[in-house]
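Note that ligands are numbered from 1 as they come in the structure, with each ligand's atoms numbered from 1 the same way. Computed from heavy atoms alone, side chains included, the values below leave out hydrogens, waters and symmetry copies.
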Amino acid sequence: MLVSYELVDDIGVITVNNPPVNALSHGVREGLVTALATAQADSSKAIVLLCEGRTFIAGADISEFGKPPQAPSLPEVNAAIEGASKPVIAALHGTALGGGFEVALSCHYRCAVSDAAVGLPEVKLGLLPGAGGTQRVPRLIGVEAALDMIASGKPVTAAKALKLGLIDRVVDAPLKAAALAYARELVAEGAMLRRVRDMTVPAEDASAEQFASWRTTLGKRMRGQQAPQRIVACVEAASRLPFDEGLAFERGQFVECTESEQSAALRHIFFAERQAPKVLGLDPASQPRPIQRVGIIGGGTMGGGIAMCFANAGIPVTLLELNQDGLDRGLALIGKNYGITVSKGKLSEQEAIRRERLIRGTTDYADLGEVDLVIEAVFESMEVKRQVFARLDEVCKPGAILATNTSYLDVNEIARVTSRPQDVVGLHFFSPANIMRLLEVVRADDTADDVLATAMAIGKRIGKVPVLARVCFGFIGNRMLRQYAREAQLCMIEGASPEQIDGALTGFGMAMGPLAVGDLAGLDIGYKARQALTDAQKGDPKSYCIADALVEMGRLGQKSGAGYYRYDPETRARSVDPEVLEVIEAQASKHGVSPRALSSDEILDRHLMALVNEGFRILEEGIAQRPGDIDVAYVHGYGFPAYQGGPMFYAAQRGLASVRDRLKALQRQTGAGYWEPAPLLERLVSKGKSLDDWMAEKH
Ligand code: 3H9
């Protein structure tokens with residue numbers, strides 16, 4: 001039963017039981033109304049609302065959005081609760097989120113165990129609280145704190161919620177007994193039916209200037225997104241309109257949000273993130289191996305960042321460098337990074353020290369004998385990696401997982417150096433490793449199922465979004481990035497400035513444009529990689545000649561103060577550099593290209609088409625398991641805007657036939673083989689099928 005009711009002495013207890021997170025699906029809404037009616041009619045003096053399982057209601061059922069609504073709606077359920085003639089007390093544990101917290105706000109009193117959290121995360125789904133959250137929260141805590149909470153979507157701890165006035169009491173577990181005691185206390189003191197709808201929004205911080213300032217701030221912080229602006233409008237309505245009118249306004253805004261492409265994209269990413277760690281066809285009996293201590297080889301920026309990921313999750317790390325100097329530098333860098341986090345107020349000094357102490361340095365491979373997982377993050381050279389893995393094979397205990405953080409190299413070849421290829425896997429982190437959420441888990445030919453299960457589990461434990469990839473040059477993300485980066489170079493030589501190219505992509509919502517990213521990473525990295533390739537491997541010289549020319553002039557990107565842009569040595573502020581435009585012109589003339597005006601639309605479209613076409617190839621080859629995995633990789637590893645849903649979602653929304661036609665047009669215009677539509681795309685279009693159809697047929 002989704003919702004049950006019992007009378008405990010003189011207190012009615014409504015219990016929701018809808019695993020895994022007690023989402024407010026249709027049956028739960030219906031059950032709540034029925035249980036409430038029973039409670040209203042019996043001898044109970046107060047009603048407690050609580051949940052079974054790991055959490056109080058964590059929100060509306062996201063999978064119901066976009067489908068025809070079914071009565072009762074959540075605002076109707078909430079009106080029934082708030083209108084009850086006996087005190088209703090919400091008893092919270094786990095995470096009371098979204099519609100779940102809105103249900104609690106409609107109760108007359110709220111108590112929570114100390115490790116509970118409450119929040120309105122709808123904005124992360126391109127939505128806004130649609131069952132009174134934007135109207136009730138400002139009435140309880142004022143406009144400023146309400147906007148802070150609703151526009152960020154961040155959960156608030158029980159202690160903070162109590163301080164703010166969102167809940168009335170923090171209680172000790174067991175929750176049910178504590179909530180019953182609280183209810184009896186309220187009955188004994190003849191507590192009133194405290195309805196938030198009857199309160200007024202504190203006037204002091206509800207000025208027009210205040211709302212204007214929030215609109216500007218959110219316009220910058222959440223550039224391109226519609227929901228945050230609508231949230232401001234709803235909270236403004238709460239401060240200006242009577243409750244019922246405010247509620248109607250909120251409902252209208254909420255419905256428009258649910259119908260928006262942005263919300264569809266964000267909901268797609270929500271579910272895709274949760275699908276991605278599930279490995280299709282994995283032996284269901286394979287259990288993750290326990291990971292209690294981790295070794296990292298290489299104390300550079302990448303190795304240090306990876307070490308921090310584990311320390312942040314409370315897992316001890318042994319960090320190995322070749323010599324003491326390198327080790328000291330690596331550990332100092334980690335200390336500096338923790339120091340920055342502390343100075344920004346994001347971590348207490350004590351906690352930073354605790355985490356730093358979890359990272360122990362060594363220069364001796366023998367110290368890796370007891371680690372359960374070791375991740376190699378050394379120089380990107382097959383020769384060096386082979387040496388490291390041969391050494392690891394000698395020192396690591398049986399059953400230890402040996403992982404490489406390579407971005408491009410063949411994990412099978414690395415695995416073959418060892419006597420235990422079944423224990424070898426790729427764990428590809430993205431820089432800065434302690435921040436970026438993507439973790440590409442690269443499955444080599446012999447990687448054991450339980451090693452994959454462990455990789456996925458440990459990835460989640462350290463807060464990453466793990467995505468499975470098969471072995472190929474660049475795996476999922478970097479293989480697609482090569483096509484994208486090519487277009488940036490070609491657009492430049494054809495006549496677009498770096499600023500125009502980056503502007504077209506950031507206008508779409510990318511965190512940074514491709515050329516600014518190049519400057520950040522260092523142009524010498526690609527240059528060195530190209531030196532190792534044959535002319536045929538390098539491809540069309542027009543796709544790298546500008547980059548090469550800049551590096552040869554000493555323009556290595558941000559680190560040398562100049563790359564595609566010039567950088568202020570103090571502030572790192574970026575400015576356009578006429579010298580770069582001269583380099584572009586010179587290279588265009590050298591390669592016989594007559595400059596022309598490119599529109600931002602053309603620039604954007606070519607970059608997206610380059611990603612999408614390669615995405616179809618990657619899917620067909622089985623490099624990625626699902627279209628959604630590619631989307632998750634691009635959102636969490638490459639700054640693709642989540643509210644655009646990722647490259648494959650973009651392709652599906654645009655229509656596969658339109659994508660195919662555009663690719664054909666590009667192929668006709670340029671004669672370039674890489675614009676030939678991927679065979680899978682061609683097939684789906686010719687059969688009138690979607691990517692979802694393809695996935696369904698495959699499994
Ligand atoms: C809303 O409430 C709108 C209202 O204002 C207005 C309405 C009128 N629905 O994340 P996990 C599934 S909008 C459906 O791995 P955790 C999830 O897909 C909603 N399914 O667990 C997964 O399925 P599977 C506002 C949901 O312990 C399974 O549950 N609320 C929902 O790491 C486990 O999820 C939110 O945005 C849902 N609402 O984290 C909260 N939530 O096993 C969204 C989860 O098949 N949820 N599932 O892969 C979360 O943030 C996390 O799930 C939570 C648990 C913190 C609760």
query = Among side-chain atoms of Ser263 and Thr258, is any donor-acceptor pair under 3.5 angstrom?
reply = no
task = Assert yes or no for the condition that the ring centre distance of Phe430 to Tyr638 is strictly below 6.0 Å.
result = yes
query = For Lys278, is the nearest heavy atom under 4.0 Å from an atom of ligand 1?
reply = yes
message = Checking Val118 against Leu97 for the side-chain contact (heavy atoms from CB on, under 4.5 Å) test, could you report, in this order, the C-alpha distance in whole Å, the side-chain angles of both residues, the deciding distance, and whether it holds?
response = CA-CA 6 Å; Val118 303; Leu97 297 178; over 6 Å; no
task = Could you tell me the residue and atom name of the protein heavy atom closest to atom 14 (C) of ligand 1, and the distance to it rounded to 0.1 Å?
result = Asp61 OD1, 3.3 Å
Presence of salt bridge, Glu64 and Arg29, under 4.0 angstrom = yes
From Asn17 atom CG to Ser4 atom OG, the distance as rounded to the nearest 0.5 Å = 7.0 Å
remark   = Counting heavy atoms under 4.0 Å, the part of Thr95 that contacts ligand 1 is side chain
query = Between the side chains of Asn18 and Ser25, does any donor sit under 3.5 Å from an acceptor?
reply = yes
remark   = In ligand 1, the atoms that come under 4.0 Å of a heavy atom of Gly99 are 1 (C), 2 (O), 4 (C), 5 (O)
request  = Measure from atom 6 (C) of ligand 1 to every heavy atom in Gly130, Pro121, Ala117, Ser73 and give the option owning the shortest one.
outcome  = Gly130
request  = Go through ligand 1 atom by atom and flag the ones less than 4.0 Å from a non-hydrogen atom of Pro129.
outcome  = 5 (O)
ask   = Counting heavy atoms only, which of Lys460, Glu102, Arg274 is nearest atom 11 (P) of ligand 1?
value = Arg274
query = Measuring from the heavy atoms of Lys124, does anything fall under 4.0 Å of ligand 1?
reply = no
request  = Look up atom 38 (N) of ligand 1 and tell me if a protein heavy atom lies less than 4.0 Å from it?
outcome  = yes
task = Compute the ring centroids of Phe649 and His268, then answer whether they are less than 6.0 Å apart.
result = yes
ask   = Would Glu236 and Trp214 count as a side chain to side chain donor-acceptor pair (under 3.5 Å) if you check the C-alpha gap in whole Å, the side-chain angles of each, and the deciding distance to 0.1 Å?
value = CA-CA 11 Å; Glu236 190 168 24; Trp214 269 101; over 6 Å; no
ask   = What do you think, any protein heavy atom under 4.0 angstrom from atom 32 (O) of ligand 1?
value = no
From Phe254, Phe271, Phe270 - option closest to atom 43 (C) of ligand 1 by heavy atom = Phe270
query = Quick one: do the Ser690 and Asp692 side chains pair a donor with an acceptor below 3.5 Å?
reply = no
Any donor-acceptor N or O pair under 3.5 Å, side chains Glu250, Thr134 = yes
query = With respect to atom 40 (C) of ligand 1, which of Gly153, Pro155, Ala58, Gly59 exhibits the smallest heavy-atom separation?
reply = Ala58
ask   = Evaluating non-hydrogen atoms only, which member of Val21, Asn18, Thr55 is closest to atom 26 (C) of ligand 1?
value = Val21
message = Considering non-hydrogen atoms of the protein only, which is the closest contact for atom 50 (O) of ligand 1, and what is the distance?
response = Leu97 CD1, 3.9 Å
ask   = Counting heavy atoms only, which part of Ala60 comes closer than 4.0 Å to ligand 1: side chain, backbone, both or neither?
value = both
key: Closest to atom 9 (N) of ligand 1 among Leu125, Ile62, Ile57 (heavy-atom distance)   = Ile62
message = Assess, by modelled atom type and distance only, whether the side chains of Glu82 and His108 contain a donor and an acceptor separated by less than 3.5 Å.
response = no
Arg251 neighbourhood, listing ligand 1 atoms whose heavy-atom distance to it stays under 4.0 Å = 8 (C)
inquiry  = Quick test: of every protein heavy atom, which one is nearest to atom 21 (O) of ligand 1, and how far off is it to 0.1 Å?
reply    = Arg54 NH2, 2.8 Å
query = Where is the nearest protein heavy atom to atom 25 (C) of ligand 1: which residue, which atom, and how far?
reply = Gly98 CA, 3.9 Å
request  = Would you mind listing which atoms of ligand 1 come within a distance below 4.0 Å of any non-hydrogen atom of Glu122?
outcome  = 1 (C), 2 (O), 3 (C), 4 (C), 5 (O), 13 (S)
task = Compute whether any side-chain donor of one residue and acceptor of the other, for Asp283 and Ser286, lie under 3.5 angstrom apart.
result = no
query = Using the ring of each side chain (for Trp, its six-membered ring), is Phe640 parallel, tilted or perpendicular to Tyr634, with breaks at 30° and 60°?
reply = perpendicular
message = For atom 29 (O) of ligand 1, what's the nearest protein heavy-atom neighbour? Residue, atom name and distance, please.
response = Pro20 CG, 3.3 Å
